[in-house]
Amino acid sequence: MSNQAVMEAKNVSKSFGHVQALDNVNFSINKGDIVGFVGDNGAGKSTLLKILTGVHEPDSGELYWKGEKVEISSPEDAQKLGIGILHQSLPVIPKLNLAQNFFLTRELTNGPLNTLDKKKMEKICGKQMELLGISKDITQQNVETLSGGEEQTLILARTYFFGSELIILDEPTNNLSVKETRKVLETTRKIHEREGIPIVYVTHNIPRVFPIANRFVVLERGRKVADLEKTEDLDVRDVEDLIVSGEMGGNREFEEAK
Ligand SMILES: Nc1ncnc2c1ncn2[C@@H]1O[C@H](COP(=O)(O)OP(=O)(O)OP(=O)(O)O)[C@@H](O)[C@H]1O
Ligand SMILES: [Mg+2]
């Protein structure tokens, strides 16, 4: 095991009925990593991330957090370790405002009657958003009126603020404009740069994640088919080929000759 591994999944398998979603997968996330976690629809990416975050239990296999074997039986367990996840479906309440969503279930109160300290929550929320590049004060705006990029930034800011030591983003850029997508990637990079928090970034769009990732892990029908560092020789097309054929440079010459 690498000394640098923050989290490791060893020989993890998971089936849903007849579907083998994960077949003996080994996956490590090291300090300083931004892992581009890629693969076709149904490859098992979300399933693996749900195992790392206590949503699903694996049928077999082990999880290690900073070298220690751990059982992660619920999302609360994952949160206690410091794992923050942004799911494909976003965990926000549209009718509540930004600050309320930011502090959801962790509201700040003051005084003998424990009244909600709205001012303080808005101030902290606004400051955190600003640190991630949203300087317009939108803390009292309902989340349903935010742009996709603002909403993603809110979730990133919240995840970061409550002390994540590992951030997992599952398809965070779905339905976002090109500009908003860039912003989310920039924010992700900023968070990573601030304290070197490792990040796992799931996407179907390789060109998007390519500039910020240092490693790529490719899943195909529940199996890991590649796990590679981004070297100078590696390009977007290589990673795409791995997803399509499990090999690099598959039919490239043929296609380019056409
Ligand atoms: N709760 C579940 N019940 C039954 N089958 C499931 C469940 N979750 C996932 N699966 C199946 O497991 C396989 C892996 O799904 P998973 O969601 O992990 O894929 P994915 O790589 O995240 O795909 P996508 O890129 O489309 O999000 C699929 O065949 C899916 O239908
Ligand atoms: Mg998925």
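When a ligand or atom number is given, it counts from 1 through the structure's own listing order.
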Any cation-pi pair here, Lys230 with Phe210, using under 6.0 Å and within 45°? yes
Can you list the ligand 1 atoms lying under 4.0 Å from a non-hydrogen atom of Thr47? 9 (C), 14 (C), 15 (O), 16 (P), 18 (O)
I'd like to check which ligand 1 atoms, numbered from 1 as shown, lie under 4.0 Å from a non-hydrogen atom of His204. 24 (P), 25 (O)
Contact region, Lys50 to ligand 1, non-hydrogen atoms below 4.0 Å, reads neither
Is Asp170 salt-bridged to Lys45, going by a charged N under 4.0 Å from an acidic O? no
Check whether any N or O atom of Gly42, backbone or side chain, sits under 3.5 Å from an N or O atom of ligand 1, and answer yes or no. yes
Metal check, the Mg ion (ligand 2) vs Asn41 N/O/S, cut-off below 2.8 Å: no
Please determine whether any non-hydrogen atom of Asp40 lies less than 4.0 Å from an atom of ligand 1. yes
Side-chain contact, heavy-atom cut-off 4.5 Å: Ile29 with Leu52? yes
Are Glu150 and Lys136 close enough for a salt bridge, meaning some N to O gap below 4.0 Å? yes
Say whether Gly44, considering both its backbone and side-chain N or O atoms, lies within less than 3.5 Å of an N or O atom on ligand 1. yes
Would you please test Phe216 and Phe37 for ring pair (Phe, Tyr, Trp, His ring centres under 6.0 Å) and show each step? CA-CA 6 Å; Phe216 292 94; Phe37 190 29; over 10 Å; no
Same cluster for Val143 and Leu116 if Ile/Leu/Val/Met/Phe/Trp/Tyr side chains link at under 4.5 Å? yes
Quick look: Asn41 vs ligand 1, heavy-atom contacts under 4.0 Å, and the answer is both
Ala43 heavy atoms, cut-off 4.0 Å: which ligand 1 atoms fall inside? 19 (O), 20 (P), 21 (O)
Subset of ligand 1 atoms that lie under 4.0 Å from at least one heavy atom of Val19: 12 (O), 29 (O)
Aromatic ring pairing Phe161/Phe102, orientation class (parallel under 30°, perpendicular over 60°, tilted between): tilted
N/O to N/O below 3.5 Å, does that happen between Ala21 and ligand 1? no
Do ligand 1 and Lys45 have nitrogen or oxygen atoms that lie under 3.5 Å from each other? yes
Please check this pair: side chain of Asp235 against backbone of Asp238, looking for a donor-acceptor N/O pair closer than 3.5 Å. yes
